[in-house]
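Note sheet for the following structure.
Counting from 1, the numbers follow the sequence of the chain as shown.
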Amino acid sequence: MERQWGRWRLAAAAAASSSGDQIAAAWAVVRARAVAPVLQFAVWACMAMSVMLVLEVAYMSLVSLVAVKLLRRVPERRYKWEPITTGSGGVGGGDGEDEEAATGGREAAAFPMVLVQIPMYNEKEVYKLSIGAACALTWPPDRIIIQVLDDSTDPAIKDLVELECKDWARKEINIKYEIRDNRKGYKAGALKKGMEHIYTQQCDFVAIFDADFQPESDFLLKTIPFLVHNPKIGLVQTRWEFVNYDVCLMTRIQKMSLDYHFKVEQESGSSMHSFFGFNGKIQYQNYLHELFMPGPNIADLPTGTAGVWRVSAINEAGGWKDRTTVEDMDLAVRASLKGWQFLLRVNSQVPSKPTDISSIDGLVGVSVWKKLHLLYSFFFVRRVVAPILTFLFYCVVIPLSVMVPEVSIPVWGMVYIPTAITIMNAIRNPGSIHLMPFWILFENVMAMHRMRAALTGLLETMNVNQWVVTEKVGDHVKDKLEVPLLEPLKPTDCVERIYIPELMVAFYLLVCASYDLVLGAKHYYLYIYLQAFAFIALGFGFAGTSTPCS
């Protein structure tokens, strides 16, 4: 009987082995005929996008380094700039007469009228900082209007903001508190509504600061002269400075990404009179690690702020449009195509649905080259190709290739090009070279959201105009900042900070890495494991410092 059972077991094992061999053989055939060609096509598509991206990055880096750093094509050399002159001298030169003029002396009439707009939405922790900084700007008090555009939905916060404006009004500051009966158009709608008030018609320029921005007192003295002496300039943009970049690993990595945007993209665009978006570098009081996880409208992280617009440029471009939640880019594109120049004021550091580009073809007087450059460089390569390539190639195609040995990835596309891009980024962030590995892994995770945002806008899905406002925490968490670089959020308090998409991608990467470790021959598992752990860290909220989840 035992011999009979033994023969049955051997027969069953042989049958199972034969069945397993048949399944493996069938999979090999399907893989070779169906999966491998599709994956290989994806590889070559990614190679083409990699070439486009590295050429764009190399061009911007070369212009930024050579034109700005070596040839010193700084704004003061490229444009006429001098202090605003009065009958007795200029402003900003440092003498007593200048200070008298800037603070309301007898020569104040020589200064243009300036409107300062501060859009707000439930900014309980930072409203005093932003309003106080705006009211402290050095400018003749009868030549400046502070306009607080409060879209808050919390009645208590609205009362606090209104009281703060009344307090400054009692100090003889020309400050206006404006509210709406709806939030149509969100920030763009608030800015548009603010410009419709009668008193704004006397203003030549408008400075815009988000609620978590604190301009230095001489901000207008450093920026307005460029607009006064150069009639073709429609926007003077300044850069952001982050007050909390060293709080944790997350804020350091985000600063690296945003510094590249400002130091390379914006500097190269400004020095070559090319298009760059309306956003700047100011003392950013919003704690960066609270931005995550982003919604579908986070294709481009910074928002339009810390800049001074010429009112006539805004009007000629058609004004603010509430058709989109990226109102800054929308207005900048239309103004640029109308011939207005943008200037990045590097030395002034103040502590979705993409733009409707279908209207570009209808513009008159714009060269075909400028249209093509805007569409290809700014929109296609930087806003579409970059996020799709980063996520698709490094988080999908490379991991999947370990299971399909028929697919080969050129070493120049998998190693040389990303290395070159990383080096060009590191050159502009020399103090953060030791964080580059973390930056790479973090950028790959965020590429998933940027790709989703780009596709959401291109396909005009139902979430295309979704608007999510980040809560600002001001200074009330400063007592809690002595924490490790990465500290998990409490799951009992922040269950909503568990992100399923990140964890699903992490599981996929873990499977691919384990397969490559056990059965594969490509030896990509070390990189894939590291990328999987990055998705797990952000998926479980192991990012930044402990903050309240409200």
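Residues V51 and V54 approach most closely at O-CG1, 3.3 Å, considering heavy atoms.
Considering only heavy atoms from C-beta on, I157 stays 4.5 Å or farther from E123 through its side chain. For the pair N174 and I146, the minimum side-chain heavy-atom distance is 4.5 Å or more. Side-chain contact between F391 and R452: absent, with no pair of heavy atoms (C-beta onward) separated by less than 4.5 Å.
Residues that satisfy the salt bridge (Lys or Arg N to Asp or Glu O under 4.0 Å) test with E443, not counting sequence neighbours, are R450. Residues that satisfy the side-chain contact (heavy atoms from CB on, under 4.5 Å) test with A386, not counting sequence neighbours, are L53. Partners of N182 under the side-chain contact (heavy atoms from CB on, under 4.5 Å) rule, at least two apart in sequence or in another chain, are R180, K184. Remark: K193 pairs with E196 by the salt bridge (Lys or Arg N to Asp or Glu O under 4.0 Å) rule, at least two apart or across chains. The ring pair (Phe, Tyr, Trp, His ring centres under 6.0 Å) test applied to Y416 returns no partner, not counting sequence neighbours.
Two rings, from W168 and Y177, have their centers 6.0 Å or more apart.
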Given I144 and L220, is the side-chain contact (heavy atoms from CB on, under 4.5 Å) satisfied, shown in steps? CA-CA 10 Å; I144 185 173; L220 296 178; 3.8 Å; yes
All N/O donor-acceptor pairs, side-chain side in residues 202-209, below 3.5 Å, sequence neighbours left out:
{"residue": "Q202", "atom": "NE2", "partner": "Y199", "partner atom": "O", "Å": "3.1"}
{"residue": "D204", "atom": "OD2", "partner": "M113", "partner atom": "N", "Å": "3.4"}

